[in-house]
J.: 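Take a look at the following structure, please.
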There are 2 protein chains.
Amino acid sequence: MIDGELSRRDQLVRAAFALVAEAGLEGLRLRRVAAEVGIDQSTLHHHVATKAALVAAVAEHAAGLLATTAPPAHLPPAAALRAHLDALADLVARRPELFTVTAELDLRARRDPSVRAVVERQEAGWRAVLTGLFTALGEADPAARTELVIAAVKGVRLVPDLAPLVLAQLGATDRTG
Amino acid sequence: MIDGELSRRDQLVRAAFALVAEAGLEGLRLRRVAAEVGIDQSTLHHHVATKAALVAAVAEHAAGLLATTAPPAHLPPAAALRAHLDALADLVARRPELFTVTAELDLRARRDPSVRAVVERQEAGWRAVLTGLFTALGEADPAARTELVIAAVKGVRLVPDLAPLVLAQLGATDRTG
DNA sequence: TAGCGTCCATCCAGTGATTGATGGGGAGCT
DNA sequence: AGCTCCCCATCAATCACTGGATGGACGCTA
């Protein structure tokens with residue numbers, strides 16, 4: 001923690017994140033997470049109390065990465081929307097596992113309250129940004145446009161190759177391009 | 001099988017379907033499936049060889065339900081697209097669990113080849129229908145429009161209340177309504 | 001500096017619960 | 001008798017989690 005190294009806890013969270021991307025939440029095993037970091041499985045419980053807590057921490061980690069795509073506040077709305085969608089497309093291309101993990105978490109959130117809390121908070125922020133942009137752009141129904149963007153992004157999450165094709169259709173204000 | 005009753009196997013598949021909708025693929029337990037039908041867990045293996053086979057059967061069942069929304073062939077393209085989207089919205093409203101299950105299956109398909117086969121076949125059919133419609137409508141980029149529709153539908157799967165709002169934006173040819 | 005005590009991270013072994021799957025044996029029908 | 005369908009008992013494997021023990025780092029006191 002003093003230097004650039006990660007804390008044990010952060011190492012574990014990242015290892016769990018990678019494992020979820022590879023094997024799904026269903027295939028997440030504490031033993032493998034611990035082994036990946038090079039510690040015993042029982043020692044893991046010393047840093048993360050329970051498996052549920054680890055999953056929640058993975059959700060926080062994912063939310064933090066997603067927040068990266070928020071457009072800078074100083075940009076005019078049209079440019080901000082473009083910047084946001086570009087950042088999204090970039091992130092999908094460079095870190096496709098992140099979106100695999102969020103897809104897993106969206107399903108888990110239906111049954112795990114602590115995961116749901118994290119997912120809902122992140123999505124509320126995203127929703128606020130988008131409606132703000134579409135309102136500033138003078139869209140007739142900013143809420144509807146917002147939900148279309150969110151749905152489209154969530155829908156292409158598992159097929160990164162198609163993301164640019166889909167995202168390109170969401171940027172144009174007149175929705176004709 | 002002779003009369004209107006379902007075969008034991010079909011009963012099991014539907015029970016598994018319902019259980020996946022409720023508890024996720026992760027929470028699918030053969031014991032509960034069997035109990036739901038009123039037979040012993042060991043007897044279940046007499047009708048469905050393995051758990052993987054049961055999941056694949058659930059995928060087939062879901063694909064069959066989804067195929068319901070295919071538009072009638074005799075309709076003109078604009079009306080056919082509207083009919084398809086309406087049928088989709090109707091299905092989301094009346095059977096939201098179906099879309100929960102397909103979301104689960106989409107994730108499972110990444111790791112289970114037999115599930116992937118079913119999911120990909122169903123999606124290929126859907127994709128063909130949509131590109132056909134958009135091509136007939138004279139769209140500039142039918143493939144792009146197709147992927148937008150698929151992504152948007154997949155994205156709202158877990159939030160049935162928002163489905164009408166999102167689907168309404170996909171029907172208009174000029175994409176301004 | 002030497003010696004003692006405390007704390008923390010780690011490991012090994014084992015807990016009870018639950019999982020998917022199997023085998024032997026019967027009930028009922030033809 | 002033979003066949004289909006079914007249940008009971010049980011298997012081996014795996015799960016998340018806990019207990020007991022070891023050892024090193026640090027601070028304190030004389």
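Letters go in sequence order (proteins before strands), and every chain restarts at 1. None of the values given here were measured: they were computed from a predicted structure.
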J.: List in numerical order all residues of residues 13-30 of chain A for which some heavy atom is under 4.0 Å away from an atom belonging to DNA chain D.
T.: A:L28, A:R29, A:L30
J.: With a 4.0 Å cut-off on N to O distance, would you call A:D141 and A:R145 a salt bridge?
T.: no
J.: I need the full list of salt bridge (charged side-chain N to carboxylate O under 4.0 Å, His left out) pairs touching residues 122-132 of chain A, with sequence neighbours left out, sorted by first then second residue.
T.: A:E123-A:R127, A:E123-A:K154, A:R127-A:E147
J.: Got a sec, which residues hit salt bridge (Lys or Arg N to Asp or Glu O under 4.0 Å) with A:E60, two or more places apart in sequence or on another chain?
T.: A:R121
J.: Return the minimal non-hydrogen interatomic distance between B:A152 and B:L170, and the atom names on each side.
T.: CB-CD1, 3.8 Å
J.: Could you check which residues of residues 35-47 of chain B get a heavy atom under 4.0 Å from DNA chain C? Sort them by number, please.
T.: B:Q41, B:S42, B:H45
J.: Please report the shortest heavy-atom distance between A:T102 and A:R157, naming the atom on each side.
T.: OG1-CD, 3.4 Å
J.: Looking at DNA chain C, which of residues 105-113 of chain A put a heavy atom within less than 4.0 Å of it?
T.: none
J.: Check this for me, if you would: do A:D90 and A:R94 make a salt bridge, where the nitrogen-to-carboxylate-oxygen distance has to be below 4.0 angstrom?
T.: yes
J.: OP1 or OP2 of C:dA21 less than 4.0 angstrom from a side-chain nitrogen or oxygen of B:R31, does that happen here?
T.: no
J.: Give a yes or no on whether the backbone of A:P142 and the side-chain of A:T146 come within a donor-acceptor separation of less than 3.5 Å.
T.: yes
J.: Can you list every side-chain hydrogen bond (donor to acceptor under 3.5 Å, both in side chains) pair that touches residues 72-88 of chain B, not counting sequence neighbours?
T.: B:H84-B:W126
J.: Would you call A:L30 and A:H45 a side-chain contact if the rule is heavy atoms closer than 4.5 Å?
T.: yes
J.: Is the distance from OP1 or OP2 of C:dT10 to the nearest side-chain N or O of A:R8 less than 4.0 Å?
T.: yes
J.: Keeping the roles fixed (side chain from B:E104, backbone from B:T100), state whether a donor-acceptor pair exists under 3.5 Å.
T.: no
J.: Send over the distance from B:R9 CZ to D:dC5 P, rounded to a whole Å.
T.: 14 Å
